[in-house]
Amino acid sequence: QFEHLTNLVNSDFTGKQGLDSVVPLIVPTQCFDGGKIDFPRLQLPKKELSLCWVVLSDLQTMLYVNQKTAHNWKGVVADWQAVAMRNLRKRTSGRIATHEKRNDSGKLQYILMMQPDGLGTSRLLLSEKIRNEFPEGYKVGIPERSMGVAISKNVNEPFATEVSDLIKKC
């Protein structure tokens, strides 16, 4: 397995290789500070966060898409980033939340996205699914790379404090 992983890390994806398992990933922008990492990325509105892309391997690892792979894919498919979003939607076929909190009257207060694939933050990009959970509006939080949090715009106490404390602990 180690040899297989080493080969994946040291190689570029060519042709359609990797396109069936590429997904977007939200990461701290500081990962790109200093120019040491030269992966394709998009700056998100929150300056501390950027969007990059990874290929999920069968060894439960994420391999970051490099510039050469992105260039190779552009010759194969018109919009490989749209393919990545479709892949993420497929991986999230059911309900987006893995955990939820409701008040005594059953009103949803917040949800957590902590899927086993480690793409909880990426699922915050699936705004249509989150809007289904919170038609009144919502805010999001990213306590750590694998967990996304969506909070009702009308969150009640003690849930507002509870989710705030949860985020601070990560």
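For the atom pair OH of Tyr138 and OG of Ser127, the computed distance is 5.0 Å after rounding to the nearest 0.5 Å. The distance from atom CZ of Arg86 to atom NZ of Lys90, rounded to the nearest 0.5 Å, is 7.0 Å. The structure places NZ of Lys68 at 9.5 Å from NE2 of His71, a figure rounded to the nearest 0.5 Å. Rounding to the nearest 0.5 Å gives a distance of 8.0 Å between CG of Asn87 and CG of Leu19. Atoms CG and OH, from Asn103 and Tyr110 in turn, are 12.0 Å apart once rounded to the nearest 0.5 Å. Expressed to the nearest 0.5 Å, how far CG of Leu108 lies from CD of Glu133 amounts to 6.0 Å.
Trp80 and Trp53 have perpendicular rings, their planes meeting at more than 60° on a 0 to 90° scale where under 30° would count as parallel.
The only option from Val149, Ile96, Leu49, Val140 that meets the side chain to side chain contact (heavy atoms under 4.5 Å, CB included) definition with Leu124 turns out to be Val140.
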Report the C-alpha distance between Ser152 and Asn154 in whole Å, list the side-chain angles of each, state the deciding distance to 0.1 Å, and finish with yes or no for side-chain hydrogen bond (donor to acceptor under 3.5 Å, both in side chains). CA-CA 5 Å; Ser152 170; Asn154 301 326; 4.8 Å; no
Might you work through the side-chain contact (heavy atoms from CB on, under 4.5 Å) test for Arg91 and Val23, ending with a clear yes or no? CA-CA 9 Å; Arg91 295 182 72 82; Val23 292; 4.0 Å; yes
Step by step, would you call Leu125 with Leu51 a side-chain contact (heavy atoms from CB on, under 4.5 Å)? CA-CA 10 Å; Leu125 299 169; Leu51 184 65; 3.7 Å; yes
Go through Asp117 and Arg123 one step at a time and tell me if the salt bridge (Lys or Arg N to Asp or Glu O under 4.0 Å) criterion holds. CA-CA 11 Å; Asp117 60 14; Arg123 286 180 171 85; 2.8 Å; yes
Decide yes or no on side-chain hydrogen bond (donor to acceptor under 3.5 Å, both in side chains) for Asn66 and Thr69, but give the supporting numbers first. CA-CA 5 Å; Asn66 60 32; Thr69 295; 3.0 Å; yes
Show the numbers, then the answer: is there a side-chain contact (heavy atoms from CB on, under 4.5 Å) between Leu88 and Leu126? CA-CA 8 Å; Leu88 181 63; Leu126 302 176; 4.1 Å; yes
Glu136/Lys107 under side-chain contact (heavy atoms from CB on, under 4.5 Å): CA gap, chis, key distance, verdict: CA-CA 11 Å; Glu136 73 280 3; Lys107 182 81 173 141; 3.7 Å; yes
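Within the 4.5 Å cutoff, no side-chain heavy atoms of Met114 are placed close to those of Ser146. At least one side-chain heavy atom of Met62 sits under 4.5 Å from a side-chain heavy atom of Arg145. Annotation: side chain of Pro40 is in contact with side chain of Gln67 (closest heavy-atom distance under 4.5 Å). The shortest side-chain heavy-atom distance between Gln109 and Asn156 falls under the 4.5 Å cut-off. Side-chain atoms of Val55 and Tyr64, non-hydrogen and from C-beta on, never get closer than 4.5 Å to each other. A 4.5 Å side-chain heavy-atom check between Glu162 and Lys101 finds at least one atom pair inside the cut-off. Using a 4.5 Å heavy-atom threshold, the side chains of Leu56 and Leu119 count as touching. Taking 4.5 Å as the limit, every side-chain heavy atom of Val65 sits out of range of all side-chain heavy atoms of Val54.
In terms of heavy atoms, Ala84 sits closest to Pro24 at O-CD, 3.5 Å. Contact between Arg41 and Ser50 at its shortest, heavy atoms only, is NH1-OG, 3.2 Å. Of all heavy-atom pairs between Ile26 and Thr121, the closest is CD1-O, 3.3 Å.
With hydrogens and angles ignored, the 3.5 Å screen pairs a side-chain donor or acceptor of Gln43 with a backbone N or O of Lys47. Of the possible polar contacts, one joining the Lys129 side chain to the Thr92 backbone as a donor-acceptor pair under 3.5 Å is found.
In summary, Arg102 and Glu100 engage in a salt bridge, as defined by a charged side-chain N under 4.0 Å from a carboxylate O.
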